[in-house]
Amino acid sequence: MKRSPIHPALSALAGAAKRQDFGEVEDALHVALRKTDWLRPEHRVGDPTGYMRHVLYVDPGNAFCMTAITWLPGQVSSRHGHHVWCVYGIAEGELTEERFDQKKVTLLKAGDMADRDLDCSVVHQVSNRTKRPIVSLHLYGIGADKLTTGINRSDS
Ligand SMILES: [Fe+2]
């Protein structure tokens with residue numbers, strides 16, 4: 001895979017993820033969610049057949065990747081957990097997260113971060129119950145080689 005240079009607005013976040021400093025990841029993610037210079041017009045377009053991942057950055061050492069996910073109105077993930085650590089938040093729109101491990105439903109708005117999942121204990125389903133697209137920003141502890149199959153584990 002060709003690796004593109006990181007957008008400057010995401011470099012602090014990538015540095016913190018590389019160091020596995022999750023306190024700093026949280027701080028840098030909050031900044032990136034509020035100052036969305038990294039967000040490109042195509043991130044709002046999405047795929048009518050399902051939520052769409054846009055790869056923003058892949059760590060050259062395959063320690064983590066960063067993706068924007070576009071959720072069109074009505075789109076929903078499967079109920080799932082993760083094989084790897086996951087930290088995410090909302091850049092645009094309002095996302096509903098249902099947590100099955102904690103029996104709670106949270107509405108996440110632009111600038112909000114979901115509870116981080118560092119020990120792969122979260123089981124959730126994420127959906128767009130609004131009439132506008134959502135763009136969320138995700139970091140996963142996985143390399144590009146496993147991006148499509150290595151993040152979500154089914155929980156049915
Ligand atoms: Fe997830």
Side-chain angles (χ1 to χ4, degrees), residues 1 6 10 13-14 16-34 36 38-40 42-59 62-130 132-156:
M1 173 185 282
I6 192 160
L10 298 174
L13 182 55
K18 182 72 172 173
R19 290 190 297 280
Q20 304 266 297
D21 180 339
F22 290 102
E24 207 177 303
V25 166
E26 206 162 302
D27 292 345
L29 181 56
H30 271 128
V31 172
L33 295 174
R34 288 182 167 84
T36 54
W38 52 270
L39 206 153
R40 298 191 304 266
E42 62 265 34
H43 295 149
R44 301 186 182 95
V45 176
D47 176 352
T49 65
Y51 68 83
M52 187 174 186
R53 279 193 185 126
H54 306 268
V55 176
L56 298 173
Y57 181 69
V58 176
D59 171 57
N62 277 336
F64 70 94
C65 67
M66 209 184 287
T67 66
I69 302 186
T70 312
W71 309 80
L72 296 178
Q75 291 185 332
V76 56
S77 76
S78 64
R79 172 182 163 144
H80 67 276
H82 306 115
H83 291 296
V84 294
W85 63 260
C86 166
V87 180
Y88 81 98
I90 313 307
E92 286 190 350
E94 294 185 2
L95 190 82
T96 301
E97 180 187 54
E98 185 165 6
R99 285 279 300 273
F100 299 97
D101 54 312
Q102 293 195 340
K103 298 183 172 40
K104 69 173 185 180
V105 178
T106 308
L107 181 66
L108 298 164
K109 299 183 177 183
D112 290 347
M113 226 184 95
D115 294 339
R116 55 194 193 182
D117 184 19
L118 302 184
D119 59 0
C120 306
S121 62
V122 167
V123 179
H124 67 176
Q125 184 170 42
V126 177
S127 57
N128 182 354
R129 301 181 185 178
T130 75
R132 297 181 51 208
I134 297 166
V135 181
S136 50
L137 175 57
H138 301 242
L139 287 93
Y140 299 103
I142 198 166
D145 49 335
K146 298 196 179 113
L147 195 59
T148 53
T149 58
I151 294 173
N152 291 351
R153 59 183 165 81
S154 64
D155 184 83
S156 50

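Note that ligands are numbered from 1 as they come in the structure, with each ligand's atoms numbered from 1 the same way. Throughout, numbering of the chain's residues begins at 1 and tracks the sequence.
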Tell me the protein N, O or S atoms under 2.8 Å from the Fe ion (ligand 1), in chain and number order.
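You should have found His80 NE2, His82 NE2, His124 NE2.
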Are Val87 and Glu26 packed together at the side-chain level, in the sense that at least one heavy-atom pair is separated by less than 4.5 angstrom?
no
Arg129-Ser127 side chain donor-acceptor pair, cut-off 3.5 Å:
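Checked: Arg129/Ser127 side chains pair up, N/O donor to acceptor below 3.5 Å.
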Are Arg79 and Phe100 in a cation-pi setup, meaning NZ or CZ lies under 6.0 angstrom from the ring centre and within 45 degrees of the ring axis?
yes
Evaluate whether atom NZ of Lys18 has more than 12 neighbouring non-hydrogen atoms of other residues, nucleotides or ligands under 6.0 angstrom away.
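More than 12 heavy atoms, drawn from other residues, nucleotides or ligands, come within 6.0 Å of this atom.
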Test applied, side chain to side chain donor-acceptor pair (under 3.5 Å); reference residue, Thr70; option that passes from Glu42, Arg44, His54
His54
Checking side-chain contact (heavy atoms from CB on, under 4.5 Å) for the pair Arg53/Ile151: CA distance, chi angles, key distance, verdict?
CA-CA 12 Å; Arg53 279 193 185 126; Ile151 294 173; 3.9 Å; yes
